[in-house]
There are 2 protein chains.
Amino acid sequence: MTAPTQPSRQAFFEQWQDVLAPTAVGYRLRILSQLMGRRFQDQLEPFGLTPFHWVVLCCLWKEDGLPTSTICDRLQQVGGTLTGVLDRMEERGLVRRERDSRDRRVWRVYLTPQGAELMEVLPPRVRAVKEQALAGMSAPERANLSDLLDRAIANLS
Amino acid sequence: MTAPTQPSRQAFFEQWQDVLAPTAVGYRLRILSQLMGRRFQDQLEPFGLTPFHWVVLCCLWKEDGLPTSTICDRLQQVGGTLTGVLDRMEERGLVRRERDSRDRRVWRVYLTPQGAELMEVLPPRVRAVKEQALAGMSAPERANLSDLLDRAIANLS
DNA sequence: GTCTATTATTTAGCATTCGTAACAACTGCT
DNA sequence: AGCAGTTGTTACGAATGCTAAATAATAGAC
């Protein structure tokens with residue numbers, strides 16, 4: 001009941017602020033992803049790796065010999081995409097694919113010595129990026145962030 | 001001093017857990033981005049839009065006639081990338097570019113009526129995705145998440 | 001045992017994103 | 001006018017990311 005002429009635009013924006021404004025979660029998530037991705041890239045690029053390669057390596061360091069489909073699940077990726085990434089990693093000699101002897105439909109992915117070797121140099125670099133991103137956050141705050149991200153992921157899975 | 005033979009691998013993993021494990025922040029951020037991106041895509045695809053288009057529209061809804069460079073800053077994008085996106089949006093009749101009369105180097109981007117029209121149908125759809133992602137989180141928790149993301153962005157900017 | 005349906009993965013093709021480097025247009029200063 | 005710096009585009013290459021179709025192998029029904 002204040003300004004009758006041109007209030008609609010402003011009012012509208014406020015009504016949908018939670019999705020329209022630069023403060024919207026999706027918006028920030030996007031920007032943070034972009035920023036972190038670029039930092040990771042800077043760290044990984046000297047080794048000819050992309051962030052995608054990094055997370056695949058993480059999966060395999062934790063548990064070697066995973067089937068392609070499991071990696072897809074863990075990274076929320078579609079098969080076709082992962083095939084391409086694994087191809088490039090295989091070309092670079094970081095992983096090798098081997099048929100499962102029990103169920104010969106599945107291909108298991110193993111780290112090569114060359115891939116395992118990266119474990120010696122990459123983690124410190126990645127931690128540096130992480131530390132920069134989380135600088136100034138207390139341990140409880142970090143735990144909190146992790147928990148909230150986790151719940152969001154669970155909500156969408 | 002416990003198991004001398006094969007402890008190194010396990011010990012190593014624990015030492016670098018904060019960056020290697022699926023609980024690592026970068027890892028989760030990546031997955032959540034992926035998941036939300038896909039949901040957004042599902043919502044936007046009927047209109048021939050990508051999430052990228054959406055955030056550009058958000059910028060312009062908030063403040064029409066921004067210079068290209070400002071949009072780049074806000075979205076943490078590089079000029080070359082944005083040009084391509086704006087080209088496609090222009091082709092689809094959502095925006096138009098116009099030279100700034102003062103400084104004729106800068107191109108200002110304006111919403112077309114057709115672009116503004118989308119404001120009527122898109123926000124509810126986007127909110128639905130957001131609500132699904134944040135389901136089960138209280139208002140303080142949401143504020144917390146937003147704040148933490150914001151601080152991380154600031155750390156990397 | 002053969003047939004059929006299902007599962008795992010790859011292939012092929014397409015659009016988008018993302019970055020770099022070179023270029024053109026324009027400004028403001030001298 | 002001439003020059004350095006800024007804005008934006010172009011051109012190129014590589015990587016993501018999806019879909020749909022093809023291939024290979026298994027499992028279950030009969």
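Lettering of chains follows the sequences in order, A, B, ..., and the numbering in each one begins at 1.
Here Arg108(B) lies out of heavy-atom contact (under 4.0 Å) with every strand.
As a whole-Å value, the separation of Asp103(A) CG from dT7(C) P is 12 Å. Between the P atom of dT10(C) and the CH2 atom of Trp107(A) lies a distance of 7 Å, rounded to the nearest Å. For the pair Glu98(B) CD and dC26(C) P, the computed distance is 15 Å after rounding to whole Å. One can place CG of Asp87(A) at 11 Å from C1' of dT9(C), the figure rounded to the nearest angstrom.
Leu20(B) has its side chain within reach of Phe13(B): a pair of non-hydrogen atoms, C-beta onward, lies under 4.5 Å apart. Between Glu98(B) and Trp107(B) the shortest side-chain heavy-atom distance does not fall below 4.5 Å. No side-chain heavy atom of Gln34(B) sits less than 4.5 Å from a side-chain heavy atom of Leu75(A). Under the 4.5 Å side-chain criterion, counting only non-hydrogen atoms from C-beta, Thr50(B) is not in contact with Val85(B).
One finds no salt bridge joining Arg108(B) and Asp103(B) here, because no Lys/Arg side-chain nitrogen approaches an Asp/Glu carboxylate oxygen to under 4.0 Å. Ionic pairing of Asp42(A) and Arg38(A) is not present here: no N-O contact between side-chain nitrogen and carboxylate oxygen is shorter than 4.0 angstrom. Under 4.0 Å is where a charged nitrogen must lie from a carboxylate oxygen, and between Arg96(B) and Glu90(B) no such pair does.
For Arg28(A) and Thr23(A), the side-chain atoms include no donor-acceptor pair closer than 3.5 Å.
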For this session: Go along nucleotides 13-20 of chain C 5' to 3' and tag each nucleotide: B for a protein heavy atom under 4.0 Å from its base, S when only backbone or sugar atoms are that close, - otherwise.
Result: ---SBBBB
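Counting 5' to 3', DNA chain D first comes under 4.0 angstrom of a heavy atom of chain A and last does so at the ends given by dA15(D) to dT26(D).
The shortest non-hydrogen separation linking Ser33(B) to Ser33(A) is OG-OG, 2.5 Å. Taking both residues in full, the closest heavy atoms of Trp61(A) and Ala116(A) are given as NE1-CA, 3.9 Å, listed atom of the first, atom of the second, then distance.
With Phe52(A) as the aromatic partner, Arg30(B) meets the cation-pi criteria of under 6.0 angstrom to the ring centre and within 45 degrees of the ring axis.
When each of Arg104(A) and Arg97(B) is assigned the nucleotide of DNA chain D bearing its nearest heavy atom, the one mapping closer to the 5' terminus is Arg97(B).
Here Arg102(B) does not reach the OP1 or OP2 of dC26(C): none of its side-chain N or O atoms lies under 4.0 Å away.
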Pick out the pairs of N or O atoms, protein on one side and nucleotides 2-6 of chain C on the other, that lie under 3.5 Å.
none

